[in-house]
Amino acid sequence: MTSRSRTLLLAFSALGAAASATSSYVHYRLLTDPTYTSFCDVNSSVNCTEAYLSPYGSFWGVPVAPLGLLYFAFVMLMAGLGGRKTSVAGETAPAYVFVASTMALAFVLYLGYASYFVLKVFCILCALTYVSAIAIFIISGGATTFPMTTLPRRASNDFRTLVSKPLSLGLALVFVLGAVAVIAAFPREGVVVEPQQASQPLPPVSDADRAKIAEWWDVQPQVTVPVPADGAKVVIVKFNDYQCGACKLTHEMYRGVLDKYIATKEVRYVVKHYPLEGECNAGAAGGNHYAACEAAAGVLMARSKGTAGKLEDWIFQNIGPPVLTPQQVKDAVRTVGGVTDFDAQYARVIEEVKADAGLGKLLGVESTPTFFINGRRLPPSLVQPQYLDVLIDLELKRAAK
């Protein structure tokens with residue numbers, strides 16, 4: 001490996017590692033801190049939160065960001081070894097990087113397509129990792145000086161040498177254990193909450209944290225949301241899109257908390273529809289959730305059959321990838337929701353969806369999910385269930401005074 005190739009690999013792997021580390025921090029905070037708003041959320045189009053909390057933000061339940069961090073750390077390690085004259089892997093290091101970067105390239109091309117063409121959002125930190133991964137692929141390919149068909153034999157020799165050197169073996173084990181620890185530290189996403197899971201006790205919230213949340217909540221602006229309370233002390237309104245990954249997460253995570261309070265009749269929970277699709281939402285003319293209008297209309301139709309909740313669960317469990325199509329939603333409305341005249345009802349029901357979307361636009365809704373609790377808006381980041389419980393309890397106590 002030439003000095004120039006090594007320097008470039010180290011530079012781009014450092015850039016990618018920095019972006020991935022920052023992404024990991026942001027994603028972790030979004031999952032664990034109810035008051036956190038990502039610094040890279042500029043608007044609905046330039047938005048890291050939408051990318052991280054979408055179905056494409058995780059791979060087999062593991063957030064993508066820490067996986068990227070591990071990849072770039074591996075490249076830095078290989079580039080460092082390749083620059084040592086005494087290193088037995090000095091010649092093969094670029095080839096190892098090239099193999100890893102080929103897989104990384106396929107991954108970032110998929111994620112880039114999902115971000116720019118499916119979600120239609122630009123994530124600044126994601127873009128930096130994409131650029132770094134592509135550059136590493138090109139540089140490592142040019143730095144490899146032998147036929148790749150000989151790599152398995154060379155790798156076997158390198159492995160025997162690695163095992164024979166305690167220091168090198170120790171470094172390798174540290175890297176593997178560190179990778180496992182990083183992945184294990186992250187909360188898992190995309191897991192469907194079963195009824196028995198929803199009833200489990202919530203993590204405790206200390207008095208100090210409750211006071212801090214109350215202080216923060218007091219300064220949040222309050223607007224009038226024209227939804228009748230029907231005798232409830234607290235009204236929670238969710239503006240929802242059935243093709244939104246974060247909407248799926250909140251649907252599953254909040255179920256136990258909401259059911260507990262709804263059963264007391266002191267809390268009313270209302271779902272309003274804000275599909276990110278221009279067909280039924282003038283505020284999302286450029287949206288690309290092409291089955292969201294059909295899904296919202298189908299759930300409204302299923303209410304009269306008493307199957308709306310069952311249909312919601314099915315839609316969210318099948319949100320993708322691959323992305324749901326309008327025809328798949330229509331089929332589910334029939335088979336899961338028991339509605340046999342979807343097309344006949346659609347023109348009438350979609351007007352209710354449009355009315356919900358219009359209300360959302362008046363209230364300044366730009367993304368989903370957007371929650372209002374007694375007129376105060378939750379932050380766009382994901383609020384954990386225990387903190388939602390604190391906010392509802394806080395509103396109930398204030399209403400009782």
Side-chain angles (χ1 to χ4, degrees), residues 31 53-58 60-61 187-200 202 236-263 267-277 280 289-342 345-346 349-350 352-353 356-357 367-371 378 382-386 388-389 392:
L31 294 174
L53 298 185
S54 76
Y56 306 97
S58 299
W60 285 350
R188 293 296 184 268
E189 294 187 71
V191 179
V192 177
V193 178
E194 302 295 340
Q196 64 269 26
Q197 291 176 310
S199 61
Q200 290 180 351
L202 295 172
I236 303 172
V237 179
K238 175 188 182 183
F239 283 89
N240 180 74
D241 177 323
Y242 287 110
Q243 287 191 283
C244 155
C247 294
K248 172 188 175 179
L249 284 175
T250 54
H251 173 76
E252 296 164 354
M253 291 172 59
Y254 294 171
R255 180 176 295 170
V257 174
L258 293 172
D259 286 350
K260 176 183 72 172
Y261 285 109
I262 291 170
V267 173
R268 186 178 183 217
Y269 176 58
V270 178
V271 174
K272 294 290 184 180
H273 301 285
Y274 197 84
L276 300 180
E277 182 184 0
C280 60
H289 290 187
Y290 299 120
C293 293
E294 286 80 4
V299 170
L300 288 174
M301 295 176 197
R303 286 179 181 173
S304 63
K305 300 281 186 179
T307 56
K310 185 178 178 183
L311 181 59
E312 281 186 313
D313 288 342
W314 185 94
I315 294 171
F316 279 130
Q317 288 168 11
N318 293 275
I319 196 173
V323 177
L324 274 175
T325 66
Q327 188 57 52
Q328 288 174 319
V329 170
K330 291 180 184 180
D331 291 342
V333 172
R334 183 184 71 256
T335 58
V336 179
V339 177
T340 57
D341 57 346
F342 180 94
Q345 292 193 59
Y346 188 73
V349 175
I350 202 64
E352 184 175 343
V353 176
D356 283 355
S367 60
T368 54
T370 294
F371 284 87
L378 289 187
L382 184 64
V383 174
Q384 291 296 301
Q386 63 269 28
L388 177 68
D389 184 76
I392 296 173

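Quick note: numbers below take in every heavy atom, side chains included, and nothing from hydrogens, waters or symmetry partners.
Counting only heavy atoms from C-beta outward, the side chains of Val339 and Leu311 never approach each other to under 4.5 Å. Gln328 has its side chain out of reach of Asn318: every pair of non-hydrogen atoms, C-beta onward, lies at least 4.5 Å apart. His251 places a side-chain heavy atom less than 4.5 Å from the side chain of Asp313. Residues Ile350 and Val353 are in side-chain contact: their nearest non-hydrogen atoms beyond the backbone lie under 4.5 Å apart.
Atom CG of Leu276 is separated from atom CG of Asp241 by 4.0 Å, given to the nearest 0.5 angstrom. Remark: Met253 CE to Gln386 CD distance equals 7.5 Å, nearest 0.5 Å. With rounding to the nearest 0.5 angstrom, the CD1 atom of Ile236 is 5.5 Å from the CG atom of Leu258. Atom CG of Asp356 is separated from atom CG of Leu300 by 7.0 Å, given to the nearest 0.5 angstrom. Residue His289 holds its NE2 atom at 9.0 Å from SG of Cys247, rounded to the nearest 0.5 Å. Here OG1 of Thr250 is found 11.0 Å from CZ of Arg255. Values are rounded to the nearest 0.5 Å.
Minimum interatomic distance between Asp389 and Lys260 (heavy atoms only, all atoms of both residues): OD1-NZ, 2.6 Å. Residues Ala291 and Pro326 share a closest heavy-atom pair of CB-N, 3.7 Å. Between Val349 and Ala297, the shortest heavy-atom contact is CG1-O, 3.6 Å. Contact between Lys305 and Gly338 at its shortest, heavy atoms only, is CE-O, 3.5 Å. Across all their heavy atoms, Cys244 and Phe316 have their closest contact at O-CE2, 4.2 Å.
A ring-centre distance under 6.0 Å is found for Tyr254 and Phe371.
No donor-acceptor distance shorter than 3.5 angstrom exists from the side chain of Glu294 to the backbone of Gln327, with no hydrogens or angles considered. The backbone N or O of Ala302 sits nowhere less than 3.5 Å from a side-chain atom of Lys310 that would complete a donor-acceptor pair. A donor-acceptor pair is defined here as one N or O able to donate and one able to accept, closer than 3.5 Å; no such pair exists between the side chain of Asn240 and the backbone of Val271. At distances below 3.5 Å, at least one donor-acceptor pair connects side-chain atoms of Glu277 with backbone N or O atoms of Cys293.
Using cut-offs of 30° and 60° on the angle between ring planes, the pair His273 and Tyr242 is tilted.
A salt bridge is defined here as a Lys NZ or Arg NE, NH1 or NH2 lying under 4.0 Å from an Asp or Glu carboxylate O, and Asp331 with Arg334 meets this definition.
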